[in-house]
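Report on one structure; see the data block that follows.
Here the structure is a predicted model, which means the values were calculated and not measured. Just so we're on the same page: letters track the sequence lines, and every chain starts at 1.
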Number of protein chains: 2
Amino acid sequence: MKKHDQDFMKRQNRLTVFQIIKNEQPISRAAIAKQTGMSPTTVSRIVSELTEEGYVHETEEQASAGRGRKSSLIRLLDTAVISIGVELDRHQANIGFIDVQGNVLCSGNFPRSSGDTPEATVARIADIIEELILECDIDRRRIVGIGVGLPGIIDVEAGIVNFSVQLGWKNVQLAERLKELTGLQAVVDNELKVKALAEQLKGSAYGSNRTVLLGFGNGVGSALILEGEIYRGVTNSAGEIGHTTVDPEGMMCDCGKAGCLQTYINIPSLLSEASKIKPVRTIEELFAERRAGTRWACYLIDRALAYMAITINNVVSMYNPDSVILSGEILDKFPEVYEEITNLCYTQYIWEPLQDSFTIVRSKLHEHGVIIGSGLVAQDRYFQLN
Amino acid sequence: MKKHDQDFMKRQNRLTVFQIIKNEQPISRAAIAKQTGMSPTTVSRIVSELTEEGYVHETEEQASAGRGRKSSLIRLLDTAVISIGVELDRHQANIGFIDVQGNVLCSGNFPRSSGDTPEATVARIADIIEELILECDIDRRRIVGIGVGLPGIIDVEAGIVNFSVQLGWKNVQLAERLKELTGLQAVVDNELKVKALAEQLKGSAYGSNRTVLLGFGNGVGSALILEGEIYRGVTNSAGEIGHTTVDPEGMMCDCGKAGCLQTYINIPSLLSEASKIKPVRTIEELFAERRAGTRWACYLIDRALAYMAITINNVVSMYNPDSVILSGEILDKFPEVYEEITNLCYTQYIWEPLQDSFTIVRSKLHEHGVIIGSGLVAQDRYFQLN
DNA sequence: CTATTTAATTTCACCAGTAGATTAATTAGA
DNA sequence: TCTAATTAATCTACTGGTGAAATTAAATAG
């Protein structure tokens, strides 16, 4: 992408103005100019451009700052842009329509099983989208694209799912097929990465500019947002901490190495460990055992929580973020562990000089994080091109 | 800094053109235009500007691409810009004059002891700089700034050494004092971070765009270069992996936590562990014991090497770089460990899907890495402002 | 020796952004 | 109530970087 001409500059400025309106609406032109350092003239021009194109509008409201002419306030025309966010995992797909603010306008879902082919899944997604459009009376012209978030390694540029253990997919040209079936632009990205973006844009890390999100659930992963951009690394696998070694003399992992982080904290590992003593089917049962005070359950879960705290320390030491978001099935289902983990962090595991450099927060968007995030990624893509 | 006006755009373009000339000289205007996507007009204008300002010049040489007019080639006037790189550690300071290419024109050093005050050190640095200028007949007008690299947490923006265990300093306004004493612009940065930049610009990671450098010596640390920029994190402590937890039931670290990485692999820890069995003064003695086959020495060092390999895996899992550089006293003094570590990586510790995503290389600049790096950082700063 | 190809420069138009003047709207205080 | 001060938004003239196309320059193939 060119980065050196006036066109790029203009786009950049349009985008900043748009973002500010999005985040701080209602806001006056003057305030935008002050904030960005642009001249009022420029802001005015951009705003009228955006108005003409139907993205924003001047409201009736007026704010007075004491003396002087009242500023007329600009707001998003929030139905101006709608995107579709899709969350794919082993057992189901969730689909939602997302507005510019990241609100879920309406949503649907369908169950799937791990054997389902990509083709079948894509077809089903397209169907549901059609249904939802009719059902919720969505204006088709407003839809700017589809974003899909799923667990796995994804080549975002190419829109290809390189590899997803959870879905059992390999080298699937997901974006292309979706585009063919729906006629909409499609983006595919890793679920944790889009979730992190969503949390930073409108969730619990709002205002942060170095955010790390940790996901503790069926898998273990992390995602890093730098300056509002998802950090992906060279092969799109940045943040794949599941196979970091935390105990070289520890348990064997499926991957053939010993002591991988995920063998201590992901749900399947916890269940299979537990099952050596007593058959436990679900993570709920395991936590129930713990609540009942069963010794081995306490041991397993306490160890997992300790490793989570250690992971926080290690991630913070490397990325030095200002905000760490805890998310994933374990935190969604058992919110009480959040306190336990943060306590462990501050009392035992975080290197003292770093203790005040960041805050630990819980994911705020919960089950909707991925569809909001992937929807917003789709919008980002749209705005970068328009 | 403004990022939205023509001025910024121009600077940006000047910089890109300059960088390309720096890295690929001799090169024709046409080639630069093709590479950057800028119009020939723009490139021509920038080149003549740079020529007037005395940064580059047109050479006699001409390259023919078969048919057509031969292109006149542009080269750096490599004496045009000189900066000073300073490496500070506990026992000494190394000072060198660095040209645009990162060549060391001449260098000097002085010993210091850990008790030396910042003031004394700065004064001594200024003295040596004066001596070197006279001795090597350096053109003062060409000197664009001083860069200092040292171990510790540094507030680069403010030029303040927040904290350096090695030097025993705290909140030292180093950049400001240096500027006062020498009349030159000064930048201070972490030694590993500048070394990493140097390795990427002209060392073993040339051409990489996601580089991680690991330093194994008196301390343990890492540095990350993203898109040619040093990644610093929010409080300038990104990459401080010394206190990541690698064994929650492991040895106590000075920091009060258990099982910090550095307790297994940094030189002081190795020596103090060894001394429990036999008084060992230097790392050379310890390695000699190992070469002699002494059991405890082999154990200690093998364990250290294993943890280094583990560190590589963990760092790669998170940052997903295309290049990992191993550096530091241990690798400089005992180059043979490089092979051992890489072997451990590929046979045991690297998660298989990541094995082909990066290369492990040795630092190429060795003892000069830090002065070159800090000198180049000073130049970067200069070019960003001019 | 001419036609063709490539390089570099020059001319000119375009347009994003700025500064400063102008118009509009509002309030504090005489 | 009226005026001066204040803030917002727009209008106008200008600056300056970039790109397109024409031009000039230099080389080679045949």
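Between A/S39 and C/dT18, a side-chain N or O to OP1/OP2 separation shorter than 4.0 Å is present. B/S72 has a side-chain polar atom (N or O) that falls below the 4.0 Å cut-off from OP1 or OP2 of C/dA8.
Residue B/K70 has its side chain nearest to D/dT28 when only C/dT10, C/dG17, D/dT28 are considered. In the set C/dA16, D/dG17, C/dA8, the nucleotide with an atom closest to the side chain of B/S71 is C/dA8. Side-chain proximity of A/M9 to C/dA16, D/dG17, C/dT18: nearest is C/dA16. Counting only heavy atoms from C-beta on, B/A30 has its side chain closest to C/dA8 among C/dG17, D/dA8, C/dA8.
Atoms NZ (A/K34) and P (D/dT6) sit 14 Å apart, rounded to a whole Å. Whole-Å rounding puts the A/I27 CD1 to D/dA8 P distance at 11 Å. Here the P atom of nucleotide C/dA19 and the CZ atom of A/R45 are 15 Å apart, to the nearest Å. In this structure, the CG atom of A/D5 is 15 Å from the C1' atom of C/dG17, given to the nearest Å. Atom CD1 of A/I46 and atom P of D/dT10 are 13 Å apart (whole Å). Atom-to-atom, CG of B/N13 to C1' of D/dG17 comes out at 9 Å; the value is rounded to the nearest Å. Rounded to whole Å, the distance from CZ on A/F8 to P on C/dC15 is 20 Å. Per the geometry, NZ belonging to B/K10 stands 17 Å off P belonging to C/dG17, to the nearest Å.
The residue among A/P40 and B/M38 whose nearest nucleotide of DNA chain D lies closer to the 5′ end is A/P40. Nearest-nucleotide assignment on DNA chain C puts the 5′-proximal partner with B/S28, out of A/D7 and B/S28. Mapping B/A31 and A/T42 onto DNA chain C by nearest heavy atom places B/A31 closer to the 5' end of the strand.
Note on ring orientation: taking the six-membered ring where Trp is involved, the planes of A/F18 and A/F383 are tilted (angle from 30° to 60°).
Between the side chain of B/Q6 and the base of C/dG17, no donor-acceptor pair under 3.5 Å is found. Taking 3.5 Å as the limit, the base of D/dA20 and the side chain of B/T41 contain a donor-acceptor pair of atoms between them.
If you take NZ on B/K195 and CG on B/D189, they are separated by 13.5 Å, rounding to the nearest 0.5 Å. The CZ atom of A/R381 lies 8.0 Å from the CD atom of A/Q185; values are rounded to the nearest 0.5 Å.
In the model, B/S39 has a side-chain atom that pairs as donor or acceptor with a side-chain atom of B/T42 under 3.5 Å.
Without hydrogens or angle criteria, A/Y231 side chain to B/Y319 main chain gives a donor-acceptor distance under 3.5 Å.
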